[in-house]
Amino acid sequence: MAAYTETTDEQRAITEMVRQFADEQIIPNAAHYDDQDLFPEPIVEQMRELGLFGSRSPRSTAAWGWI
């Protein structure tokens, strides 16, 4: 099977959105949560709202045991 190296516009948009989120929300707040030994609930909630939890695979991949 050939290696897949092309990314779609949608994949690039998601990558940029996640990068921006990390730069604006995660990185500036990481030390605070670490120092205070806190779970970053507000950040995790924002990640959930952005749809960053779980992955979606086409049903066709179920036969390959991927889901």
Side-chain angles (χ1 to χ4, degrees):
M1 185 162 85
Y4 180 78
T5 58
E6 299 288 325
T7 57
T8 65
D9 290 340
E10 181 181 18
Q11 290 169 322
R12 286 188 291 277
I14 292 168
T15 299
E16 179 56 33
M17 183 261 305
V18 171
R19 185 171 290 130
Q20 181 179 351
F21 180 79
D23 288 345
E24 293 175 2
Q25 300 298 324
I26 297 173
I27 294 170
N29 294 296
H32 166 75
Y33 287 106
D34 285 346
D35 292 344
Q36 300 296 316
D37 197 27
L38 297 172
F39 184 77
E41 289 184 42
I43 292 174
V44 172
E45 177 61 24
Q46 288 177 320
M47 293 170 66
R48 187 192 65 75
E49 290 171 5
L50 291 171
L52 300 180
F53 291 110
S55 62
R56 296 185 177 139
S57 299
R59 284 216 172 266
S60 61
T61 62
W64 298 337
W66 292 0
I67 58 172

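Just so you know, these numbers come straight off a predicted model, no measurement behind them. Numbers here simply count residues along the sequence, with the first being 1. Any value given below was found using the heavy atoms of this structure, including those in side chains, with hydrogens, waters and symmetry copies removed.
At a threshold of 4.5 Å between side-chain heavy atoms, the hydrophobic network of Ile, Leu, Val, Met, Phe, Trp and Tyr places Phe21 and Ile27 in two separate groups.
Closest approach of Phe53 to Val44, counting heavy atoms only: CE1-O, 3.6 Å. Heavy atoms only, all atoms of each residue included: Pro28 and Ala22 are closest at CD-O, 3.9 Å. A pairwise comparison of heavy atoms in Pro40 and Tyr33 identifies CA-CE2, 3.4 Å as the closest pair. Listed here is the closest heavy atom pair of Glu6 and Gln11: O-OE1, 4.0 Å.
Between Arg12 atom CZ and Glu16 atom CD the span is 12.0 Å, to the nearest 0.5 Å. Rounded to the nearest 0.5 Å, atoms CE (Met47) and CD1 (Ile43) are 8.5 Å apart. For the atom pair CD of Glu45 and CG of Leu50, the computed distance is 10.0 Å after rounding to the nearest 0.5 Å.
At a threshold of 4.5 Å between non-hydrogen side-chain atoms, the residues Met17 and Leu52 count as touching.
Here Glu10 pairs with Thr8, Ile14 under the side-chain contact (heavy atoms from CB on, under 4.5 Å) rule; sequence neighbours left out.
Pairs of residues two or more places apart, or lying in two chains, never qualify as salt bridge (charged side-chain N to carboxylate O under 4.0 Å, His left out) while including a residue from residues 20-41.
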